[in-house]
Amino acid sequence: AEQITLAVETRFRQQSKRQTRSRHVEDDEDEEESLLTDNREGGYQQYADMQHRIAITEQESQERLEFMQEIERDVISVHAMMKELGEMVTEQGYVIDTIESNIIQSHLKAKRGLEERQTADSYQKSRRKHMCCLTFLLALGALVIVLVLYVLLS
């Protein structure tokens, strides 16, 4: 992009120089008309010089046209690049949206998993308490049975 910008700036400067020269040639064309009516000595040489300047002006006009066509090609090329860049940005936007969606889903699933683990921990603690109570009751029942048998057998 910088190279294109530099090329366009250089061409613009060249074009400005040509336009300045072209203005001088237009002034010379006015001078040409006055020379045609002037029959003074050396007028024909000046007329020939004027014809030469007009030829140069035509050449500069052709160069200017070629320069403008080249700028047009460069602009079309830049437009195509910008269009491709826009498409790439759009595609990447879809990818980023998909990644964002996956991150949100992962976060929600991790949060749900943590809640289920906490619930399982509370059930396990409650079960331990029940098992301790049941073991205590069984041990107490066994002690009562042993005492009853001991008293009856003694």
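Not measured: the values here are computed from a predicted model.
Between I76 atom CD1 and I71 atom CD1 the span is 12.0 Å, to the nearest 0.5 Å. If you take CZ on R64 and CE on M68, they are separated by 8.5 Å, rounding to the nearest 0.5 Å. Residue R117 holds its CZ atom at 13.5 Å from CD of E115, rounded to the nearest 0.5 Å.
In this view, N102 and T98, Q105 satisfy the side chain to side chain contact (heavy atoms under 4.5 Å, CB included) rule, not counting sequence neighbours. Looking at residues two or more places apart in sequence or on another chain, you find a side chain to side chain contact (heavy atoms under 4.5 Å, CB included) between V148 and V144, L152. Here Q62 pairs with L65, E66 under the side chain to side chain contact (heavy atoms under 4.5 Å, CB included) rule; sequence neighbours left out.
Side-chain heavy-atom separations under 4.5 angstrom define the hydrophobic clusters, and the remaining members of the one that includes L138 are L134. Hydrophobic side-chain contacts under 4.5 Å tie L137 to no other Ile, Leu, Val, Met, Phe, Trp or Tyr residue. Other cluster members for Y150: none, since no ILVMFWY side-chain heavy atom sits under 4.5 Å from it. Other cluster members for I104: L108, joined by side-chain heavy-atom distances under 4.5 Å among Ile, Leu, Val, Met, Phe, Trp and Tyr.
Taking 4.5 Å as the limit, some side-chain heavy atom of D97 sits within range of a side-chain heavy atom of E100.
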Do any side-chain atoms of residues 83-96 form donor-acceptor pairs under 3.5 angstrom with protein atoms, and if so which ones, sequence neighbours left out?
{"residue": "T90", "atom": "OG1", "partner": "G86", "partner atom": "O", "Å": "2.9"}

Taking distance alone, no hydrogens or angles, what donor-acceptor pairs closer than 3.5 Å link side-chain atoms of residues 120-131 to residues at least two apart or in another chain?
{"residue": "S122", "atom": "OG", "partner": "T119", "partner atom": "O", "Å": "2.7"}

